[in-house]
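Heads up: the structure comes next, in structure tokens.
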Amino acid sequence: MTTGQSSQAGWVEEALRTHEEQARQEEARQEEARQEEAGSLRRGSPQPLPGTVREDLVLERIDRARRSRPRIKEERITMSHGAGGKATQTLIEAMFLDGFRNPLLEPLEDAARLRVGGAHLALTTDSYVVSPLFFPGGNIGDLAVNGTVNDLATSGAVPLYLSAGFILEEGFEVTQLGRIVAAMREAADVAGVQIVTGDTKVVERGKADGCYINTAGVGAIEHDLDLGVATARPGDAIIVSGPIGDHGVTIMLARGELDIEADVSSDTAPLNGLVADLLAATPGVRALRDATRGGVATILNEIAKSANVGVLVNENDIPVRAQVRGASELLGIDPMYVACEGRLVAVTARESAGRALQALRAHPLGGEAAIIGHVTADPPGIVQLKTAFGGTRIVDLLVGDPLPRIC
Amino acid sequence: MCLGIPGEVIEFLPDQPDLARVDVSGVRRVINVGLLSDDPPKPGEWVLIHVGFALSKIDEAEAAAAMEFLEGIGQAYEDELAALAESKIE
Amino acid sequence: MRFVDEFRDSDKAHALSAKITALCEPGRQYKIMEVCGGHTHTIYKHGLEDYLPEQITLVHGPGCPVCVIPMGRVDDAMALAAQPDVIMTSFGDMMRVPGSKGSFFDAKAQGTDIRMVYSPLDSLKIARNNPDKRVVFMAIGFETTAPSTAMTVLRAAAEGLANFSIFCNHVTIVPAIKAILDSPDLRLDGFLGPGHVSTVIGCRPYEFIARDYAKPVVVAGFEPLDILQSIYMLMLQLSRGEATVENQYARVVPWNGNTVALKAIGETMELRPYFEWRGLGFISHSALKVREKYAAFDAELLFSVPGVRVADPKACQCGEVLKGVLKPWECKVFGTACTPETPIGTCMVSPEGACAAYYNYGRLTRTRVKEATAT
């Protein structure tokens, strides 16, 4: 390697400008902190440990950088934008929320809640681009129905009607499409919904990777609950309805690129029955989410951020199947970030946790439900994990995309 | 990058002497055991897996010794805690 | 999981923690460097620092093979990937490392054929399945990974594959440790030796640290109890004024290393006279390149790469973090301009980088954590 002319990276200049601005603000803060420390000395009150002051500055620094108005720094869309983590969030907030802004969109929950005439409705949509199309436990059709049913269910709505739009690749086998449609019919019957309208498009060979599906769903909200992660408060319990990571790992192994065999299958399932049982059993349910892209970790972060609370979960209490754990260790990924397609995360008032757990466990889809942690007051916006080993660490939002095209 | 996982050797692939199927907590993968050609592993033995290759055999005796040491420390700790709990100075 | 779960038992951790604390001389501060990025990752992932007394500081070392790749080499790799009919294959950790014009990830978004692989053998498979394309494997890693690359090259040679080559960026650990020891900025009390590198090179190469620099070394495993036990062994040596090399990871690390692996490396690769390390500058005899005998598999010869030396961005302090002189949060751009999504330097982007580990897992001091978890 020869030493020729050195070149400075152009894109760094912008980052440096941001940095300089932040540095100026930080200088001001450090001055403040120094004066406060000096002040407290004079007042005779206990000095803060230097470590705590330093750490507060660091946390504040990171927080400020994050709370600053989301901006999309990339020029082109990358796979990270579809992973369900930080990049996805930024894209949604800076592009879509900003572009379409209205009060109904702002909550950014799984479904929008609408009042039409006298009816209280939930509306949701999802697109399915999973690869491969067929995998242990189901196919893209199952996901297309169950995914949308679940988004309605977690808003506490009774799912009623779905639309189904198909984008088919030229050359796709008709028998394969038949299998997908059959699966959708069956899934719809199990969930108690009807597919009442749809659309079909065909694109040239090389696009759409066989078949992409979009489904939209409408449900009726028959309760007065204000379900939403923003309502979480310190003391609340966090419950997961079963073992995590099954779907994501199944897809990854089904791709066949990794030469790994294991006895895992997707957990895709309609959760509306489970949700109905849960809501009937106890009034103390604050929020429901289904753990898809980005996994349970993403939902925990949404809770912490939306409600401005802390979340503390225990690694020992989080149910994970042995094979999912084995595959994750082998590939160096964390099951907490791996997608599920038939699991929900519930936030309940502390007093209601016991009853909620009972109700979930009584249902076939919730047999392994578990309380994995609770909401804390401090530190706000941060999710912590008490590791099996006894130490503590942070669970942040996903960066990058370890498992693309999961659902 | 330093990611190494212990796995149990299940079987060798019949036509490829360098390849073995290993099991990690119920998950199976074929890996290359060529780096252990001096002392090839037998089915039932455990190896350390890194980027699709077995780097080393896991010495069960050493693992047991390590565990014994840790248990010993753990027991001494328990004993001390118990003694502390039981002793009364007043 | 066998050989994993037993080494994550928290009861034993408390016991070790008590013993470690008992060995600390009152008033003395201890600085122990964990050389390997894998150790840094484990320490933060399991919250290991919670078990250590305030007197012991763990200093993060340069053992992150992704972190030490200079921007110019990343640019070279991107140039290779951009060639027509080339399929670039790489481990996941490399995908987001920034060069001067972006990373593999960005290039992929613009249509370059870059594929993530788990093993160099996967890369070989892609080469077999795509005879009309030229497949390049981005070979990175310390001595842990070099044997796997070597075996893959030997396999390619045996099969007479004409469309497979490697871009060799393997580095060796000992020169980096020596550079740290010779650095005036750092006063360390002992080292946690890299467990997996040692399965290949054995424990002898570290003897010079004990003999010439009088610092104890314990070759450590990667489970949290391994690391705690290794720290205990180091503290025991320090309390007795000893300085030797010990092997805590004996269940996996043979004292004399793996001869087959070393032979494979020796057959296919040789040391470069010097190589640039990010933050550490040029270090002689610290990296590997493909031997002439296997020139047909050397991407640097088969293709032309720019070979331009690119200076690190001025704001980047990765060098000091890699040497252990700065803790991640002490870097001026940590958390503001440099975050895992917008990394300026490699320490923030590699899963084994100290900054990434701290940003993603750490961040809270033990006091804060104790308060929060006391609920």
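Reminder, nothing fancy here: chain letters follow the sequence lines and each chain counts from 1.
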Point to revise | Closest non-hydrogen atom pair between A:A327 and B:V27, with its separation | key: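 For A:A327 and B:V27, the tightest heavy-atom pair comes out as N-CG2, 3.4 Å.
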Review point. Can you name the residues that form a side chain to side chain contact (heavy atoms under 4.5 Å, CB included) with B:I58, not counting sequence neighbours?
Key: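 With neighbours one apart ignored, the set is B:P6, B:W46, C:F3, C:R251, C:V252.
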Exercise for review: Find the one option among B:I31, B:V24, B:D23 whose heavy-atom pairs under 4.5 Å with chain A are most numerous.
Suggested key: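 Looking at each option in turn, the highest pair count goes to B:V24.
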Check your understanding: For A:D317, does the CG atom have more than 12 heavy-atom neighbours from other residues, nucleotides or ligands under 6.0 Å away?
Key ->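 More than 12 within 6.0 Å, yes.
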Check your understanding: Is it the case that more than 12 heavy atoms not belonging to A:E186 sit under 6.0 Å from its CD atom?
Key ->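 Open.
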Practice item. Quick one: pull up CZ in B:R29 and CG in A:L253 and give me the separation to the nearest 0.5 Å. Key: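 Atom-to-atom, B:R29:CZ and A:L253:CG are 11.0 Å apart.
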